[in-house]
Number of protein chains: 2
Amino acid sequence: MAFHIRDMTGEEIAVFADVIHDLARIPQDVDPREATSERILRLLRGDTLASYVWEPAKGRYYNPVSVNHDESNVAQYVASLQFSDPLTHRMRRLQGAQIVESSFPMNELEKTEFYTDFLQPDGMYHGLNIFLPSKSGKVFDLRVWRNRHHEPFCQREIDLLDTLAAHIGRSLQAGDEGLAILTPREREIGRLIARGCTDKEISDILGIGFSTVRTHVNRCFEKLDCSNRAELSARFSATLLG
Amino acid sequence: MAFHIRDMTGEEIAVFADVIHDLARIPQDVDPREATSERILRLLRGDTLASYVWEPAKGRYYNPVSVNHDESNVAQYVASLQFSDPLTHRMRRLQGAQIVESSFPMNELEKTEFYTDFLQPDGMYHGLNIFLPSKSGKVFDLRVWRNRHHEPFCQREIDLLDTLAAHIGRSLQAGDEGLAILTPREREIGRLIARGCTDKEISDILGIGFSTVRTHVNRCFEKLDCSNRAELSARFSATLLG
DNA sequence: CCCGGCATCCCCATTTTTGTCGATACCGCC
DNA sequence: GGCGGTATCGACAAAAATGGGGATGCCGGG
């Protein structure tokens, strides 16, 4: 029985590589967490996963993505439970992936209402968290859990999560700095430009007036600081294909 | 001593992820092998690495990339030794990463001239090869070696190389189908278009006539079947930024 | 030695893009 | 109810790109 918790099977290596590959090429209008969270959970051999984004302006978490969690639980966390969560306060400023038990002993955690009301019902026992601050002030996080019948997380998962989170962070960062400032309509038009459509064609495709297209295109130029559609096209297609 | 050869250190996981990330975003005019071979060798814990591309039309290997090899040895391999190489004949049609010793017992190999003249002097003893056919008929390969004082390769490296090679293959494939049909000058102009330069600007930057730029641009359109520069820009920037 | 590919240059007519002014209407928020 | 953001439309002139010709010189392979 030479089983060593840190090893990765050939299949896991391949899945890991695919996740990193996808993160590198994901379109900016897709949430990288949506596209990868199931596979990340599998790689970390966890039971449930949740991810939130801390919005500094509002002082709260929002934009949840979860796997194997009860949806209403996640909704409730965003709505109210986040304000009585004793974990994130303590862990948010730590660097890198952290095992919950290391910062918050289980015997202490089990006594809290947060545990009995929220964690326990959804089978969250052994926890592994990472909080990743981005330039914009937002903090992106990933929270992975195993139920109490499973082994606690160990170094293999810490290393994996550190790496995965860094790449998700890069991907989110790109979204932050990139096309997010455009309105949905503007992104739609940007995508068509990247496909080589002329303004006339775009107005036909979208069923709107030529002038409208012109307005949107000009606004794209302003917002993205592009001087012509070739440059705009580059900005879009850098993350469009894949 | 619970050392298990299949594990990856946290640093290796991070390097591996970076390699995959880079392969996903590498410009099409950069050889993905050049950009990653050192790191791949380190991940596989090998001593030397060489890579060639089999050109079916000419019936020979060309375009070598190597790490820690004597350059003249590699040149000689491409020039002549490849035709007396007893290994690749036997291994080229095998699927996936293969340990040389498994197909070609060492006691047999050590008797050959190829070993004494070529492999031995450069310290190639334990070998791990992969041959990856591409749609165009070309076969891309990676050949990693450890010297005789080191452990033979095992499953960890097979899994890793399988995955790495698949991603390099993807990257090369993209190059094959993409910008490779353009001349160097045409690619240069395509890149500038993707950065948003007008034809006038391009002619100034490159110090050539406006008309010349026009000719190159038109040829790009023809070859890549693009109807305007926005589309061309998309083709270039899909792999340009990183 | 000739041919093909490459890089360089020129002209002309037409289409598309770009810049810069407008304007109206809807919707959510304070 | 006003205000900001979004989506929608219009007009005009300048700048750039596009499509179609044709032309030269260089170089390497058959």
Side-chain angles (χ1 to χ4, degrees), chain A residues 28-29 55 57-60 62-63 176 178-237, chain B residues 29 55 57-60 62-63 78-79 178-237:
Chain A
Q28 286 192 0
D29 51 358
E55 172 62 71
K58 307 196 176 180
R60 62 179 300 163
Y62 74 117
N63 198 359
D176 255 18
L179 274 31
I181 47 172
L182 300 181
T183 69
R185 199 53 152 177
E186 285 159 358
R187 276 196 293 274
E188 208 169 351
I189 275 150
R191 275 195 293 272
L192 291 171
I193 285 180
R195 286 191 188 168
C197 298
T198 67
D199 292 341
K200 177 73 180 69
E201 285 167 345
I202 293 173
S203 79
D204 289 343
I205 290 170
L206 296 181
I208 59 179
F210 178 81
S211 313
T212 312
V213 177
R214 292 269 346 113
T215 308
H216 287 309
V217 173
N218 279 325
R219 207 158 294 264
C220 285
F221 287 161
E222 280 173 33
K223 286 187 179 178
L224 297 180
D225 193 31
C226 291
S227 53
N228 56 49
R229 59 178 49 210
E231 201 178 342
L232 186 69
S233 174
R235 294 285 282 282
F236 270 85
S237 61
Chain B
D29 52 356
E55 173 62 69
K58 309 197 175 182
R60 62 177 301 161
Y62 73 117
N63 199 358
V78 173
L179 274 30
I181 47 171
L182 299 181
T183 69
R185 200 52 153 176
E186 286 160 358
R187 275 196 292 275
E188 208 169 351
I189 276 151
R191 276 195 294 272
L192 291 172
I193 286 181
R195 286 193 188 169
C197 298
T198 67
D199 291 341
K200 177 73 180 67
E201 285 167 343
I202 293 174
S203 79
D204 288 342
I205 289 170
L206 297 182
I208 59 180
F210 178 80
S211 313
T212 311
V213 177
R214 295 276 344 117
T215 309
H216 287 309
V217 173
N218 279 325
R219 209 160 293 265
C220 286
F221 287 162
E222 281 172 33
K223 285 187 178 178
L224 297 180
D225 193 32
C226 290
S227 53
N228 56 48
R229 59 176 49 208
E231 202 178 343
L232 186 69
S233 173
R235 294 286 281 285
F236 270 85
S237 62

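Throughout, protein chains are lettered first and strands after them, A, B, ... in sequence-line order, and every chain is numbered starting at 1.
A salt bridge links Glu188(A) to Arg185(A): one of the charged nitrogens lies within less than 4.0 Å of a carboxylate oxygen. Ion pairing between Lys223(A) and Glu186(A) holds under the 4.0 Å rule for side-chain N and carboxylate O.
Counting to the nearest Å, the P atom of dG19(D) and the NE2 atom of His216(B) are 17 Å from each other. Distance, Arg219(B) CZ to dT18(D) P: 16 Å, rounded to whole Å. In this structure, Leu192(A) atom CG and dT16(C) atom C1' are separated by 17 Å, rounded to whole Å. Atom pair Glu222(B):CD and dT18(D):P shows a separation of 13 Å (rounding to whole Å applied). With rounding to whole Å, Phe210(A) atom CZ is found 11 Å from dG10(D) atom P. Rounded to a whole Å, the CD1 atom of Ile193(A) is 15 Å from the C1' atom of dA17(D). Put simply, CZ on Arg187(A) is 17 Å from P on dG5(D), counting in whole angstrom units. In this structure, the CG atom of Asp199(A) is 9 Å from the C1' atom of dT18(C), given to the nearest Å.
For dC6(C), neither phosphate oxygen OP1 nor OP2 lies less than 4.0 angstrom from any side-chain nitrogen or oxygen of Thr183(B). Put simply, Arg229(B) has a side-chain N or O that comes within less than 4.0 Å of OP1 or OP2 on dA17(D). For Thr212(B), no side-chain nitrogen or oxygen approaches OP1 or OP2 of dA7(C) to under 4.0 Å. The phosphate of dG10(D) has neither OP1 nor OP2 within less than 4.0 Å of any side-chain N or O from Arg214(A).
Looking at Ser211(B), its side chain has no donor and acceptor atom pair within 3.5 Å of the base of dC11(C).
Asp204(A) places no side-chain N or O within donor-acceptor distance of the main-chain N or O of Gly207(A), the cut-off being under 3.5 Å. Side-chain N or O atoms of Arg229(B) include none that pairs as donor or acceptor with a backbone N or O of Ala230(A) at under 3.5 Å.
Within 4.0 Å of Phe221(B), counting heavy atoms only, lie sugar-phosphate atoms of the nucleic acid but no base atom. Base engagement by Asn218(A) is indicated by at least one non-hydrogen atom pair under 4.0 Å involving a base atom.
Map Ser227(B) and Gly209(A) each onto its nearest nucleotide of DNA chain D; the residue landing nearer the 5' end is Gly209(A).
Taking only side-chain atoms of Val217(B), from C-beta outward, the nucleotide of dC6(C), dT18(D), dT16(C) with the closest atom is dT18(D). Relative to the side chain of Asn228(A), the nucleotides dC9(C), dT18(C), dA16(D) differ in distance, and dT18(C) lies closest. Listed candidates were dC9(D), dC9(C), dT18(D). Nearest to the side chain of Thr215(B) is dC9(C).
Within 6.0 Å of CZ on Arg214(B) lie more than 12 heavy atoms contributed by other residues, nucleotides or ligands.
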